[in-house]
Amino acid sequence: MDPLSTPDPTTSPTSAPSSAPGSAPASAAASAPPSAPSTPPSPAPTSGTAPAAPSTPSGLSTVAVVGLGTMGAGIAEVLARAGREVIGIDLSEAAAVQAVTALEASTARAVRRERMTERERRDALARFRTFSDLQAAAQADLVIEVVPEDYELKREVFAALDAVVPPETILATGTNALSVTRLAADSARPERVLGLHFFNPAPAMKLVEVVSSVLTAPAAVAAVTALARELGKEPVAVGDRPGFVADGLLFGYLNQAAAMYESRYATREDIDAAMRLGCGLPMGPLALLDLIGVDTARTVLEAMYAASQDRLHAPAPILRQLSEAGLAGRKSGRGFYTYEAPGSPIVVPDAETPGRRPEEGAGAPVRTVRAVGVVGSGTMASGIAEVFAKAGYEVVLAARGREKADAARARIAKSLGRSVDKGRLTAKAREEALARIAPAGSLDALADVDLAVEAVVEDLEVKRQLFTTLDKVCKPGAVLATTTSSLPVVACARATSRPQDVVGMHFFNPAPAMKLVEVVRTVLTADDVHTTAREVCAAVRKHPVDCGDRAGFIVNALLFPYLNNAVKMVEEHYASPDDIDAAMKLGGGYPMGPFELLDVVGLDVSLAIERVLHREFRDPGLAPAPLLEHLVAAGCLGRKTGRGFREYARR
């Protein structure tokens with residue numbers, strides 16, 4: 001199974017936002033004092049009288065932000081640029097100065113790019129005033145705390161605010177891991193306490209999760225929801241559970257990626273490349289963990305596990321090891337990767353960088369591949385045949401009957417024609433590629449190919465029978481490859497008399513567009529066969545990643561538990577498919593939301609893969625969600641049937 005169609009260019013690695021999904025905490029310096037000092041507030045860097053804030057439907061014209069670390073400063077910037085009077089509060093003068101400097105720099109860039117006038121810039125700067133005392137929040141309509149993820153610290157801030165702000169002031173926490181309900185219950189005004197979870201970087205990320213507890217008054221939720229819209233954000237209403245929607249799904253996936261790396265199943269580079277190229281994500285999971293902070297991820301997962309007791313949320317041991325060693329990621333200069341300096345985004349080579357270990361780069365032998373056979377007549381088979389033909393290989397396209405083979409070749413001709421129309425291919429190159437494809441109605445036509453790639457139905461018995469035939473038909477020394485995404489490659493290998501010649505080459509759909517190929521080596525695969533598969537991938541301009549022969553390989557093993565958890569959220573009435581899809585696209589940078597993707601992939605295909613993963617790993621958390629099983633049983637399979645998690649117009 002191939003999880004995605006062509007990646008959305010807006011979320012490709014080259015056009016990703018400057019920071020990745022997930023919310024980073026405010027810096028340790030950005031903590032408010034546990035109680036309000038008796039001395040009067042003293043303004044910090046920005047001076048002058050702020051212009052009167054405009055009247056707004058939300059009624060929240062003056063907002064205090066407590067904690068001016070990265071997230072707090074970003075939220076303050078969003079508010080100030082949207083016309084709100086902003087009271088920034090931080091015990092650290094350095095944090096306050098940095099927040100003002102950041103606003104000055106961002107507004108200066110906006111003026112240069114003609115996105116705001118100089119007058120608008122001056123007004124925005126005047127609206128942002130900083131203080132070192134919580135007493136400054138006394139006139140705020142809304143207070144947003146963004147201090148570090150420590151419950152006692154947040155509780156002390158809320159207790160101090162209770163004594164300072166008027167009864168009608170709304171108190172919002174920016175937490176993404178701690179209980180909003182618990183903070184509300186400990187407050188003197190539980191009905192006015194809620195969660196307002198921005199994503200980092202706040203000026204760029206559109207998603208805001210509005211978190212209500214059982215104690216929150218609907219009027220408070222309505223007011224902050226209106227404010228989020230006034231700020232140009234997309235608010236999503238969620239209940240109080242660790243991680244809420246976006247991080248609740250994101251951190252489980254990140255945890256599994258960390259565990260996959262820790263098991264040495266695949267390298268960090270291959271895991272990250274697989275998820276970027278196979279799913280169109282802006283960053284790989286391990287690079288993202290480094291950006292968020294390994295220690296932060298561990299904290300969030302601990303909170304999630306405490307609530308769910310789901311083993312998928314139990315932090316991978318490597319997260320504890322890195323955290324306790326002080327290797328928290330970019331901010332410390334080293335985490336899963338090593339960086340040029342603390343805080344730098346530039347990765348530098350280290351002991352785990354590919355090619356730096358002595359045994360690497362020695363150069364294994366490679367088998368010669370000139371002619372390629374592709375077995376099958378569906379979309380995947382046609383796409384793979386097109387890839388090889390465009391790269392200059394002679395291709396035999398074998399199907400069950402000449403008519404099916406001719407139809408597959410005609411499909412390739414149309415695809416090549418579209419490439420010509422879009423200027424991606426010349427008419428001459430199209431004709432040359434098409435001339436290299438010889439359709440055949442029998443597997444006997446594969447007698448002289450150097451590489452045979454099967455792309456038939458995902459049925460193990462069908463594949464075994466096919467490999468038994470290929471073993472008899474193909475010449476000695478030919479490499480035999482399967483494109484399976486969920487079945488054991490070794491089972492195909494053992495159907496032959498030459499299991500050492502069998503390897504997995506999992507292309508992604510559509511094969512001409514998707515750059516990733518998972519190269520799956522079994523315990524029986526010969527070294528030169530593995531090397532040949534990688535060399536062939538490079539020759540057809542695909543990015544190979546190595547993985548062992550286990551269910552899901554890299555991409556599907558990380559993708560489908562995430563999809564399954566999204567279904568469970570709907571099943572538990574925690575959030576709607578629309579809100580979950582919006583949260584993952586806006587807050588996680590995903591090209592498609594989980595329910596959009598499930599409907600595209602097919603609910604029956606998704607269920608089959610989830611069953612394989614559950615059977616392989618025996619983890620209760622991987623058991624397919626009953627709602628998914630019910631929809632499949634009802635024949636609601638997604639776009640192909642006109643109904644899945646959503647309904648579609650019949651074509």
Side-chain angles (χ1 to χ4, degrees), residues 2 367-419 425 429-485 487 489 492-493 495-498 501-507 509-512 517 529 532-533 536-537 539-540 542:
D2 310 296
R367 299 187 187 183
T368 300
V369 176
R370 295 190 180 90
V372 176
V374 179
V375 183
S377 57
T379 303
M380 180 57 77
S382 301
I384 293 172
E386 178 181 333
V387 166
F388 280 108
K390 286 195 296 188
Y393 289 92
E394 296 298 323
V395 179
V396 177
L397 181 55
R400 288 182 300 171
R402 181 58 187 263
E403 185 177 344
K404 285 183 175 294
D406 286 339
R409 187 176 183 276
R411 185 184 299 116
I412 296 169
K414 288 184 179 179
S415 175
L416 292 170
R418 288 193 295 270
S419 294
L425 197 69
R430 173 190 181 274
E431 294 307 316
E432 289 175 346
L434 203 55
R436 296 188 190 103
I437 301 173
S442 168
L443 293 179
D444 291 338
L446 304 178
D448 293 323
V449 300
D450 304 301
L451 166 65
V453 182
E454 70 79 14
V456 301
V457 64
E458 278 289 88
D459 182 293
L460 186 56
E461 191 51 41
V462 171
K463 289 185 186 290
R464 278 176 171 157
Q465 292 176 9
L466 174 58
F467 272 83
T468 298
T469 303
L470 291 175
D471 185 32
K472 297 173 182 176
V473 169
C474 294
K475 66 184 180 182
V479 174
L480 310 181
T482 172
T483 60
T484 184
S485 66
L487 301 174
V489 177
C492 298
T496 74
S497 64
R498 41 175 157 173
D501 291 344
V502 178
V503 68
M505 292 181 69
H506 179 212
F507 287 79
N509 194 33
V517 177
V529 169
T532 300
V536 166
C537 289
V540 297
K542 301 297 182 186

Note: G376 and V456 closest approach over all heavy atoms is CA-CG1, 4.2 Å
Heavy-atom count check: over 12 atoms from other residues, nucleotides or ligands less than 6.0 Å from K472 NZ? no
Distance col, row T484:OG1 vs L460:CG, nearest 0.5 angstrom, shows 8.0 Å
(request) Using atom types as modelled and distance alone, determine if a side-chain donor or acceptor of K542 lies under 3.5 Å from a backbone N or O of A511. (result) yes
d(L443 CG, L466 CG) to nearest 0.5 Å is 6.0 Å
I would like to know whether M505 and T483 meet side chain to side chain contact (heavy atoms under 4.5 Å, CB included); could you show each step before the answer?
CA-CA 5 Å; M505 292 181 69; T483 60; 5.5 Å; no
- Query: Would you call D448 and R370 a salt bridge, taking side-chain N to carboxylate O under 4.0 Å as the test?
  - Reply: no
Residues V473 and L446: closest non-hydrogen pair is CG1-C, 4.1 Å
Closest non-hydrogen contact found for I437 with A385 is CD1-O, 4.3 Å
Determine whether V502 and T496 satisfy the following criterion, side chain to side chain contact (heavy atoms under 4.5 Å, CB included), listing intermediate values before the conclusion.
CA-CA 9 Å; V502 178; T496 74; 4.2 Å; yes
Requested in this report: Starting from the C-alpha separation in whole Å, work towards a yes-or-no answer on side chain to side chain contact (heavy atoms under 4.5 Å, CB included) for V375 and V453.
Outcome: CA-CA 6 Å; V375 183; V453 182; over 6 Å; no
From the list E431, E432, R430, side chain to side chain contact (heavy atoms under 4.5 Å, CB included) with L416 holds only for R430
Smallest heavy-atom separation, D406 atom then P439 atom, equals OD1-CG, 3.3 Å
Closest heavy-atom pair, A440 versus A445, reported as atoms and distance to 0.1 Å, is CB-CB, 3.5 Å
Nearest heavy-atom contact between S497 and D471 is N-OD2, 2.8 Å
Check: R436 side chain, Y393 main-chain N or O, donor-acceptor pair, under 3.5 Å: no
Here the gap from L397 atom CG to F388 atom CZ, rounded to the nearest 0.5 Å, amounts to 12.5 Å
- Can you tell if the side chain of V457 reaches within under 4.5 Å of the side chain of V462, non-hydrogen atoms only? yes
message: Closer than 3.5 angstrom, by distance alone: can the side chain of T469 be matched with the main-chain N or O of Q465 as a donor-acceptor pair?
response: yes
Using modelled atom types only, decide if a donor and an acceptor are shared between the side chain of T468 and the backbone of A495 within a distance under 3.5 Å.
yes
Query raised in the report: Can you check whether V374 reaches V396 side chain to side chain, under 4.5 Å on heavy atoms?
Result: no
Item to check | Any L480 side-chain heavy atom under 4.5 Å of C474 side chain | outcome: yes
TODO: Please test V372 against E394 for side chain to side chain contact (heavy atoms under 4.5 Å, CB included), starting from the C-alpha separation and ending with a verdict.
DONE: CA-CA 6 Å; V372 176; E394 296 298 323; over 6 Å; no
K463/D459 ion pair, N-O < 4.0 Å: no
Rounded to the nearest 0.5 Å, the CD atom of E403 sits from the OG atom of S377 at a distance of 10.5 Å
Distance col, row R409:CZ vs L434:CG, nearest 0.5 angstrom, shows 4.0 Å
d(K414 NZ, S419 OG) to nearest 0.5 Å is 14.5 Å
*Could you please spell out the steps behind the salt bridge (Lys or Arg N to Asp or Glu O under 4.0 Å) verdict for R367 and D450?*
CA-CA 8 Å; R367 299 187 187 183; D450 304 301; over 6 Å; no
